[in-house]
A.B. asks: 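Sharing a structure here in structure tokens format.
Note that the coordinates shown come from a computational prediction; the quantities given were computed from them, not determined experimentally. Order of appearance sets the numbers: ligands from 1, and atoms from 1 within every ligand. Just the heavy atoms: all of them, side chains too, but no hydrogens, waters or symmetry mates, feed the values below.
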Amino acid sequence: MWMAILFSREVRKGRPLGVRRLGQDLVLWRDDDGRVNALSDICPHRRTRFSLGSLVDGRVRCPYHGFEFDGSGSALRVPAEGRNFKPPEYLRAMSYRVHEEHGIVWIWYGRGQPDGPPRYLDDMSGMDSHSEYHETWRIPFPRAVENQLDVFHLPFVHHNTIGRGMRTLVNGPLVKKIDEHSFIVYPFNEVDVGQVPRRAEDLNSGTMRNYLKFIYPNLWENYISKGTRIVAFFAPIDGHSTEIYISFHLKLTGIGSLDRLLAGLAMPFNKYVLHQDRRVVEAQDPGIFGDRLVRADSPISMFRKMFLADADLRRALGMDGPGPRGNPSMSPRGR
Ligand code: FES
Ligand SMILES: [Fe+2]
């Protein structure tokens with residue numbers, strides 16, 4: 001599957017970038033055409049890091065003995081053998097399929113072949129003006145995603161910001177599956193005046209102007225209004241950490257530079273809200289398998305079904321099944 005792993009602007013021209021994603025060390029660089037390439041960040045010769053090397057004619061050059069590799073992983077030059085030498089096939093580095101679009105770099109993980117570009121939000125045309133931010137959280141990938149699908153933490157975690165109003169009672173929530181890999185969540189939260197929460201079947205999304213959209217494995221949108229969106233992706237570093245990416249897209253004035261400026265001015269607030277989440281999310285038990293979910297967690301259940309079906313990703317993150325910390329039988333007092 002395609003996984004969003006970086007903002008485009010992180011891969012600068014002229015130098016290789018080393019990052020850890022999906023439990024692997026990767027090196028990414030732009031070739032002479034500006035195209036992003038990705039290899040495993042281990043030179044097949046004597047296994048040092050390409051990311052400490054340099055770029056030559058659009059190839060990455062290992063810092064140790066100067067072997068040069070292209071984006072397909074083929075060795076093209078072994079300096080010690082002279083410039084006419086054709087390097088043997090066994091010197092191949094492991095390469096990844098890369099796609100760059102919408103200011104995001106994706107890589108392909110797991111089995112199978114892509115049948116097209118990665119899925120993105122389909123209604124973002126004219127929404128190019130945005131500001132970007134990212135940071136690392138010490139939390140496994142599913143915890144990062146699930147926090148953004150959680151519709152009832154707002155009055156508690158964000159009581160003085162986006163969760164003002166004590167709308168603690170959750171109707172539904174209404175989760176509309178778009179297809180096998182994506183869904184929309186409509187929050188219908190209310191102030192609790194003693195009413196019984198309505199069931200999802202009794203709610204009408206037609207009345208809702210704002211919603212969350214999720215595209216598996218890691219793309220998320222908070223549709224605040226037509227001209228105001230928060231887009232996020234959660235890039236798994238390994239089984240313990242996740243890079244949180246947010247971009248705030250604005251179309252208020254329709255003047256690109258002004259909208260970009262306003263989006264930039266709003267970012268400190270978005271960061272403040274994000275850090276309200278971070279405090280509780282990083283304190284969660286990393287093992288998801290011990291959770292006891294309730295009705296209002298239905299968007300989280302929907303994500304989990306997709307995650308549990310994704311053996312490739314779980315293997316990459318070392319989250320193959322309930323571990324000791326997540327095993328219910330190991331929980332204190334047999335909760
Ligand atoms: S270790 Fe990379 S060229 Fe020798
Ligand atoms: Fe939150």
Side-chain angles (χ1 to χ4, degrees), residues 16 18 25-27 29 39-56 59-70 73-83 85-95 133-135 137 139 142-168 170 173 185 187 189 210-214 220-224 229-234 242 244-246 248 266-284 296-297 299-300 303:
D25 291 315
L26 309 173
V27 61
W29 77 95
L39 297 180
S40 171
D41 193 13
I42 301 176
C43 176
H45 175 222
R46 282 177 45 217
R47 304 178 71 78
T48 192
R49 288 190 188 280
F50 287 131
S51 54
L52 299 176
S54 52
L55 301 185
V56 181
R59 309 161 182 171
V60 69
R61 180 164 70 187
C62 179
Y64 203 171
H65 312 97
F67 293 19
E68 293 170 19
F69 294 82
D70 67 13
S74 293
L76 298 178
R77 199 155 177 239
V78 175
E81 301 288 357
R83 62 180 66 245
F85 180 71
K86 191 177 171 319
E89 184 56 25
Y90 74 83
L91 282 178
R92 174 170 284 280
M94 187 174 155
S95 75
Y133 178 72
H134 66 103
E135 66 180 27
W137 286 15
I139 196 74
R143 288 291 191 218
V145 173
E146 290 173 5
N147 172 55
Q148 302 300 341
L149 297 174
D150 182 320
V151 294
F152 66 120
H153 73 290
L154 273 73
F156 303 101
V157 172
H158 307 296
H159 58 91
N160 60 347
T161 54
I162 55 172
R164 266 191 226 111
M166 283 312 279
R167 290 196 299 260
T168 57
V170 177
V185 182
N189 300 3
N210 109 289
Y211 58 80
L212 306 175
K213 188 187 264 185
F214 180 71
W220 175 93
E221 176 191 24
N222 180 358
Y223 186 104
I224 299 167
R229 324 279 184 85
I230 300 176
V231 179
F233 58 95
F234 315 97
T242 306
I244 312 289
Y245 284 89
I246 55 172
F248 186 54
M267 198 45 101
F269 175 76
N270 292 326
K271 260 198 274 195
Y272 181 80
V273 171
L274 195 67
H275 289 163
Q276 292 185 315
D277 288 311
R278 183 175 184 166
R279 177 172 164 265
V280 289
V281 174
E282 285 195 329
Q284 278 180 289
D297 286 313
I300 288 168
F303 162 74

A.B. asks: Is the number of heavy atoms from other residues, nucleotides or ligands within 6.0 Å of CZ (Arg92) greater than 12?
C.D. replies: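 Buried by this count: over 12 neighbours within 6.0 Å.
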A.B. asks: Flag yes if more than 12 heavy atoms outside Tyr64 fall under 6.0 Å of its OH atom; otherwise flag no.
C.D. replies: no
A.B. asks: Which protein atoms of type N, O or S are found under 2.8 Å from the Fe ion (ligand 2)?
C.D. replies: His153 NE2, His158 NE2, Asp277 OD1, Asp277 OD2
A.B. asks: Between Asp70 (side chain) and Leu76 (backbone), is there a donor-acceptor pair under 3.5 Å?
C.D. replies: no
A.B. asks: Determine whether a donor-acceptor pair (N or O, by modelled atom type, separation under 3.5 Å) exists between the side chain of Asp41 and the backbone of Phe50.
C.D. replies: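 Looks like yes, one N/O pair under 3.5 Å.
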A.B. asks: Quick one: do Asn270 and Ile230 satisfy side-chain contact (heavy atoms from CB on, under 4.5 Å)? Show the steps, please.
C.D. replies: CA-CA 9 Å; Asn270 292 326; Ile230 300 176; 3.9 Å; yes
A.B. asks: Could you name all protein N, O or S atoms found under 2.8 Å from atom 2 (Fe) of ligand 1?
C.D. replies: Cys43 SG, Cys62 SG
A.B. asks: List for me each residue that meets side chain to side chain contact (heavy atoms under 4.5 Å, CB included) alongside Ala75, sequence neighbours excluded, and say none if there are none.
C.D. replies: Phe69, Pro87, Leu91
A.B. asks: Applying side chain to side chain contact (heavy atoms under 4.5 Å, CB included), can you list everything that pairs with His45, at least two apart in sequence or on another chain?
C.D. replies: Cys43, His65, Phe67
A.B. asks: Keeping Trp29 on the side-chain end and Leu55 on the backbone end, is there a donor-acceptor pair under 3.5 Å?
C.D. replies: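 No, Trp29 side chain to Leu55 backbone: no donor-acceptor pair under 3.5 Å.
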A.B. asks: Just how far is it from atom CG of Asp277 to atom CD1 of Ile162, taken to the nearest 0.5 Å?
C.D. replies: 7.0 Å
